[in-house]
Protein chains: 2
Amino acid sequence: MARKNSNDIQPGQGDDAVARRTPMREFSRSLPMSLLRAREAVMRQFRPSLRNHGLTEQQWRILRALTAVDEIEVTELARMAFLLGPSLSRILRDLEGRALIERKAAENDARRAVVSISAKGLKLIEAVAPTSEVIYAEITRRFGARKLAELQEMLGALEASLAGMGSSDDAEVEADE
Amino acid sequence: MARKNSNDIQPGQGDDAVARRTPMREFSRSLPMSLLRAREAVMRQFRPSLRNHGLTEQQWRILRALTAVDEIEVTELARMAFLLGPSLSRILRDLEGRALIERKAAENDARRAVVSISAKGLKLIEAVAPTSEVIYAEITRRFGARKLAELQEMLGALEASLAGMGSSDDAEVEADE
DNA sequence: GGAATTCACTTAACATGTTAATCATCTCCC
DNA sequence: GGGAGATGATTAACATGTTAAGTGAATTCC
């Protein structure tokens, strides 16, 4: 089975004007892959501890975010914890069932729901936090505090760079409706 | 149950009227969150194009990886595409059903399956690649080629730093067995 | 040479990511 | 004040992440 078509992708090897497509980037070195692997390497450290406390990474993010405020609306919480609405909805249902959070309707708008962490939720946070801190400290020690700060800054800059980049979709499949 | 396991994580917090202590890092600035947000900012650019071609991000990763080899075993493919076995299993079933890949048993080991991309799969790749390259180029232009390379290097270094870090679990729930 | 173990992969079960649709308000405007 | 649209949240449907269990085939070891 010949992979002959692979060179259709790269026209002129020389001109760097628009397309510098070698068989494409090494792929394993693409930016999305690098970010994915780095994040996984980090999260792998935290997951076991969270799991021992009956929490997933996302549930932890939500509880963590709730400790920073007195109470907060669902949409704003989604933004803080960087979760999509549907995910948050499901998780809040679960956390409320476990009495780790409390939910009530907003005073002047029945559409909005206001969420806050419960005493039980706070206790859970306090039980998990020490271990998380130890792990975070170890990561910092290994990678280097300065480098870590530098990395975070670059990540923020990358995010900012792409802020207003409209999705330059190519095949506008849906034309009607 | 005292809520001061191991002293306060961060003493001397400027307490505002709210009785919520602000333990731990700003949270929104934690390393996992930074990595997650950065990756999402990047992937947001690619998803619409992939979607228009009927591919998810993971399906694309697999096809992309397959173009780099003639054929490959499933486990090795999982490593390449950075997917867990179960996810890969499901996706391969789907891609095989769409005739984008081909699968056969290994010659000397009936346990192993060998996968390769089909002609149809290659054609799909070729249809998607140009747009992906344009997007990647724009990301590079915005963020800066040098900074991009620097970032990737740091991400690799981070990964390497955490390579042999055993999960320092705290509550060893399972003690016997 | 066969039971026990390991290995490669797949299924299962549950939680989340992702997009679209639904539902109940709320706002605006005539 | 009532209907059209906007808004906040949830539900639906499908794909993947994640861990555990299952299945069949190769290896080990006695």
Side-chain angles (χ1 to χ4, degrees), chain A residues 32 36-37 39-52 54-62 72-79 81-98 101 103-115 167 169 173-174 177, chain B residues 32 36-37 39-41 43-52 54-62 72-79 81-98 103-115 167 169 173-174 177:
Chain A
L36 180 57
R37 286 212 288 243
R39 181 172 149 79
E40 176 53 29
V42 173
M43 284 315 303
R44 196 195 329 280
Q45 313 302 324
F46 291 100
R47 257 190 286 271
S49 164
L50 292 176
R51 183 175 177 72
N52 277 347
L55 287 177
T56 66
E57 176 196 338
Q58 292 80 2
Q59 293 167 352
W60 167 251
R61 285 221 301 274
I62 292 173
I72 187 174
E73 291 178 10
V74 172
T75 298
E76 178 64 5
L77 178 57
R79 199 189 58 73
F82 208 68
L83 291 170
L84 293 179
S87 294
L88 183 54
S89 240
R90 282 177 303 214
I91 300 174
L92 288 182
R93 191 203 315 149
D94 176 76
L95 294 180
E96 190 177 19
R98 290 202 267 167
I101 66 164
R103 180 154 38 171
K104 64 174 187 181
E107 297 182 359
N108 17 337
D109 192 337
R111 292 171 305 182
R112 299 163 190 270
V114 174
V115 181
S167 54
D169 225 308
V173 169
E174 61 290 346
E177 86 181 307
Chain B
L36 180 58
R37 286 211 289 243
R39 181 171 148 79
E40 177 54 29
M43 285 313 304
R44 197 197 324 281
Q45 312 303 323
F46 290 100
R47 257 190 285 270
S49 165
L50 292 177
R51 183 175 175 71
N52 277 347
L55 287 177
T56 65
E57 175 196 338
Q58 292 80 1
Q59 293 166 353
W60 166 252
R61 285 219 301 273
I62 292 174
I72 187 174
E73 290 177 11
V74 172
T75 298
E76 177 64 5
L77 179 57
R79 200 190 57 74
F82 208 68
L83 291 171
L84 294 180
S87 294
L88 183 53
S89 239
R90 282 177 304 215
I91 300 175
L92 288 181
R93 191 204 316 151
D94 176 76
L95 294 180
E96 190 177 18
R98 290 201 267 168
R103 178 152 40 167
K104 65 174 187 182
E107 298 181 359
N108 27 344
D109 193 336
R111 291 171 305 183
R112 299 162 189 271
V114 173
V115 181
S167 53
D169 225 308
V173 168
E174 61 292 342
E177 77 183 326

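This one's a predicted model, so the numbers in the text were calculated from it and none came from an experiment. By convention in this document, chain letters (A, B, ...) are assigned in the order of the sequence lines, proteins followed by strands, and residues within each chain are numbered from 1.
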Going by the rule side-chain hydrogen bond (donor to acceptor under 3.5 Å, both in side chains), which residues pair with Arg112(B) if we only count those two or more places apart in sequence or in a different chain?
Glu73(B), Asp109(B)
Which ones in residues 86-94 of chain B lie close to DNA chain D, meaning a heavy atom under 4.0 Å from one of its atoms?
Pro86(B), Ser87(B), Arg90(B), Ile91(B)
Worked verdict on Arg47(A) versus Arg51(A) for side-chain contact (heavy atoms from CB on, under 4.5 Å)
CA-CA 6 Å; Arg47(A) 257 190 286 271; Arg51(A) 183 175 177 72; 5.8 Å; no
Hey, could you give me the CD1/CZ distance between Ile101(A) and Arg93(A), rounded to the nearest 0.5 Å?
11.5 Å
For Arg103(A) and Leu36(A), find the nucleotide of DNA chain D closest to each by heavy atoms; which residue's nucleotide sits nearer the 5' end?
Arg103(A)
Are the side chains of Leu95(A) and Val115(A) in touch, meaning some heavy atoms are under 4.5 Å apart?
no
Please identify the 5'-most and 3'-most nucleotides of DNA chain C with any atom under 4.0 angstrom from a heavy atom of chain A.
dA15(C) to dC26(C)
Would you give the length of the straight line joining atom OG1 of Thr75(B) to atom CZ of Arg111(B), rounded to the nearest 0.5 angstrom?
10.0 Å
Strictly under 3.5 Å: I want the nitrogen or oxygen pairs between protein and nucleotides 25-28 of chain D, one per line.
| from | atom 1 | to | atom 2 | distance (Å) |
| --- | --- | --- | --- | --- |
| dA26(D) | OP1 | Ala110(B) | N | 3.0 |

Ile62(A) and Ala81(A): which non-hydrogen atoms are nearest, and at how many Å?
CG1-CB, 4.3 Å
In chain order, what residues pass the side-chain hydrogen bond (donor to acceptor under 3.5 Å, both in side chains) check against Arg98(B), with sequence neighbours excluded?
Gln59(B), Asp94(B)
Pairing residues for Ser87(B) by the side-chain hydrogen bond (donor to acceptor under 3.5 Å, both in side chains) criterion, not counting sequence neighbours:
Arg90(B)
Nearest-nucleotide comparison on DNA chain D, the residue closer to the 5′ end among Val74(A) and Glu40(A):
Val74(A)
What's the shortest heavy-atom distance between Ile91(A) and Leu83(A), and which atoms?
CD1-CD1, 4.3 Å
Cationic N near anionic O, under 4.0 Å, Glu40(A) to Arg37(A)
no
